[in-house]
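When a residue number appears, it is its place in the shown sequence, counting from 1. Counting starts at 1 for both ligands and their atoms, following the listed order.
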Amino acid sequence: MTANPSTPAESALVRAARREPVPHTPVWFMRQAGRSLPEYKRVREGIAMLDSCMRPELVAEITMQPVRRHGVDAAIFFSDIVVPLKAVGIDLDIVAGVGPVVAEPVRTRADLDRIPELTPERVPFITEAVRILVAELGPTPLIGFAGAPFTLASYLVEGGPSKNHEHTKALMHGDPELWNDLCERLAQISGTFLRVQAEAGASVVQLFDSWVGALQREDYTRFVLPHSKAALAAVADLDVPRIHFGVGTGELLTLMGSAGAEVVGVDYRVDLRDAIERLGPQYAVQGNLDPALLFAPWPVLAERIEQIVRAGRSATGHIFNLGHGVLPTTDPEVLTRVVEHVHEVSRRG
Ligand code: 1CP
């Protein structure tokens, strides 16, 4: 254990993910790059979201901004879960204020047949951006990521963001064979996207199954687990810790762990101590400050941070994070203060 790591493998984040002793609780924030930072808004001016994801120098700059500003323990690669879908030729866009919108929703066998597999040659801009970043980051680890098959399927089947996932669930239950084949294709795409990032030098990967909390355990086990397992298995041989996260997934935590992750991300609706108890000592945990609490008075926020750091001590490994992404109107100075407080409180022992 060293307080001054010289490589990402020795960093607090990677060590916590591996359930090894750490000098302090590592901290990063989902959605730390972008939206809440004025320097992000400046460099993105006039550039469409998906275009910005395909420009390696810009991706590197945006990824570095929160590392420089907040002193977080990891960088999260600036991209989006729909970038690999765009890369295989699906006609979609990220619409400001809405999110990903798909021109023609995928609901039939013929629609699926039009989606090819992802090969690394389709995403050379990802490899290049990761290489630039790894050189610039030095001992700070880079987290690569992908969307999990269910969450990607939800955007494709619904045609955009959805509250109820009704078309997705109708397809899943109404035509299980087509659902299965669609998710197999998406697992190949997700897995390849993770692998490209890990092979280019990302030290950790995170699989986002943001919307899978909409399912009960039985449906998760039958319709989702095999595919998330396949996506995570694509990097199993690379010695890169895998984080698996979803929103509203208190009921699903153990199943999400069984998909092959070393770290299970916990959303803010679950008491972290309960999550740790449910998961047992074989998993490290990540989480789980409510992003809305970043708007509360500092003493309240500080106490909640201390509670989460203390709860994290009962886990075999703990990475501090929010229980979902940074909200766009968050004051960036509060985020910096959270990082300092997590470090200070956890060093105090
Ligand atoms: O720091 C970071 O995390 C930035 C990189 C990043 C990541 C990890 C972006 C940039 N998107 C994502 C992942 C992502 N994208 C997820 C999983 C994480 C989560 O649950 O929050 C999801 C569900 C998406 C889909 C998406 N893309 C949405 C959500 C829409 C919905 O269904 O509610 C939105 C709004 C986007 C657009 C997007 N992605 C990223 C940014 C900075 C933006 C805003 C676009 C803009 O600035 O115009």
Counting from 1, what ligand 1 atoms have a heavy atom of Phe78 closer than 4.0 Å?
42 (C)
Provide the number and element of each atom of ligand 1 under 4.0 Å from a heavy atom of Pro161.
31 (C), 32 (O)
For atom 10 (C) of ligand 1, which candidate among Ser210, Ala48, Gly97, Ser79 provides the closest heavy atom?
Ser79
Centroid separation His341 to Trp298 less than 6.0 Å
yes
Check: Arg31 N/O within less than 3.5 Å of ligand 1 N/O:
yes
For ligand 1, which atoms, with element, lie under 4.0 Å from some heavy atom of Val98?
30 (C)
May I have the step-by-step check of salt bridge (charged side-chain N to carboxylate O under 4.0 Å, His left out) for Arg19 and Glu262, ending in yes or no?
CA-CA 9 Å; Arg19 295 179 288 136; Glu262 282 70 34; over 6 Å; no
Nearest protein heavy atom to atom 11 (N) of ligand 1, by residue and atom, and its distance?
Asp80 OD1, 2.9 Å
Give me the ring orientation class for His324 and Phe245: parallel if the planes are under 30° apart, tilted from 30 to 60°, perpendicular past 60°.
tilted
Contact between Tyr155 and ligand 1, counting heavy atoms under 4.0 Å?
yes
Would you confirm whether Asn288, through its side chain, and Asp267, through its main-chain N or O, come within 3.5 Å as a donor-acceptor pair?
yes
Let me see the working for Glu344 and Arg348 under salt bridge (charged side-chain N to carboxylate O under 4.0 Å, His left out), right down to the final yes or no.
CA-CA 6 Å; Glu344 193 193 308; Arg348 247 190 261 146; 2.9 Å; yes
Between the side chain of Arg195 and the main-chain N/O of Ala234, is any donor-acceptor distance below 3.5 Å?
yes
Would you say ligand 1 has an N or O under 3.5 Å from any N or O of His324?
yes
Do Phe150 and Phe223 make the cut of ring centroids closer than 6.0 angstrom?
no
What do the steps show when you test Glu251 against Arg217 for salt bridge (charged side-chain N to carboxylate O under 4.0 Å, His left out), and what is the final call?
CA-CA 7 Å; Glu251 294 292 328; Arg217 286 178 66 92; 5.7 Å; no
Is it true that Asp91 and Arg114 make a salt bridge, defined as a side-chain N closer than 4.0 Å to a carboxylate O?
no
Give the numbers and elements of all ligand 1 atoms closer than 4.0 Å to a heavy atom of Phe208.
8 (C), 17 (C), 18 (C)
Would you mind telling me if ligand 1 is within reach of the side chain of Met49, the backbone, both or neither, using heavy atoms under 4.0 Å?
side chain
Between Arg44 and ligand 1, find which residue part has any heavy-atom pair under 4.0 Å and reply side chain, backbone, both or neither.
side chain
By number and element, which atoms of ligand 1 are closer than 4.0 Å to a non-hydrogen atom of Ile94?
37 (C)
Any idea which part of Val247 is under 4.0 Å from ligand 1, heavy-atom wise: side chain, backbone, both or neither?
neither
Contact atoms of ligand 1, heavy-atom distance to Gln32 under 4.0 Å
1 (O), 2 (C)
Just checking Glu333: does its CD atom have more than 12 heavy atoms from other residues, nucleotides or ligands closer to it than 6.0 angstrom?
no
Logged contact type for Phe29 with ligand 1, heavy-atom cut-off 4.0 Å, is neither
What protein heavy atom sits nearest atom 33 (O) of ligand 1, and how far off is it?
Trp211 CZ2, 4.0 Å
Tell me the contacting part of Tyr40 for ligand 1: side chain, backbone, both, or neither, using a 4.0 Å heavy-atom threshold, strictly below.
side chain
For atom 26 (C) of ligand 1, tell me which residue out of Ala33, Gly99, Pro100, Ala75 has the closest non-hydrogen atom.
Pro100
Check Pro66 against ligand 1 and report side chain, backbone, both or neither, counting heavy atoms closer than 4.0 Å.
neither
Consider ligand 1: state whether an atom of it lies below 4.0 angstrom from any non-hydrogen atom of Arg35.
no
As a quick check of understanding, evaluate salt bridge (charged side-chain N to carboxylate O under 4.0 Å, His left out) for Asp73 and Arg15, giving each step before the final call.
CA-CA 11 Å; Asp73 290 273; Arg15 292 185 62 89; over 6 Å; no
Taking it one step at a time, do Val72 and Gln32 satisfy side-chain contact (heavy atoms from CB on, under 4.5 Å)?
CA-CA 9 Å; Val72 278; Gln32 68 189 16; 3.7 Å; yes
May I ask you to identify the nearest protein heavy atom to atom 8 (C) of ligand 1, giving residue, atom name and distance to one decimal place in Å?
Phe145 CZ, 3.3 Å
Is any side-chain heavy atom of Phe77 less than 4.5 Å from a side-chain heavy atom of Ile126?
yes
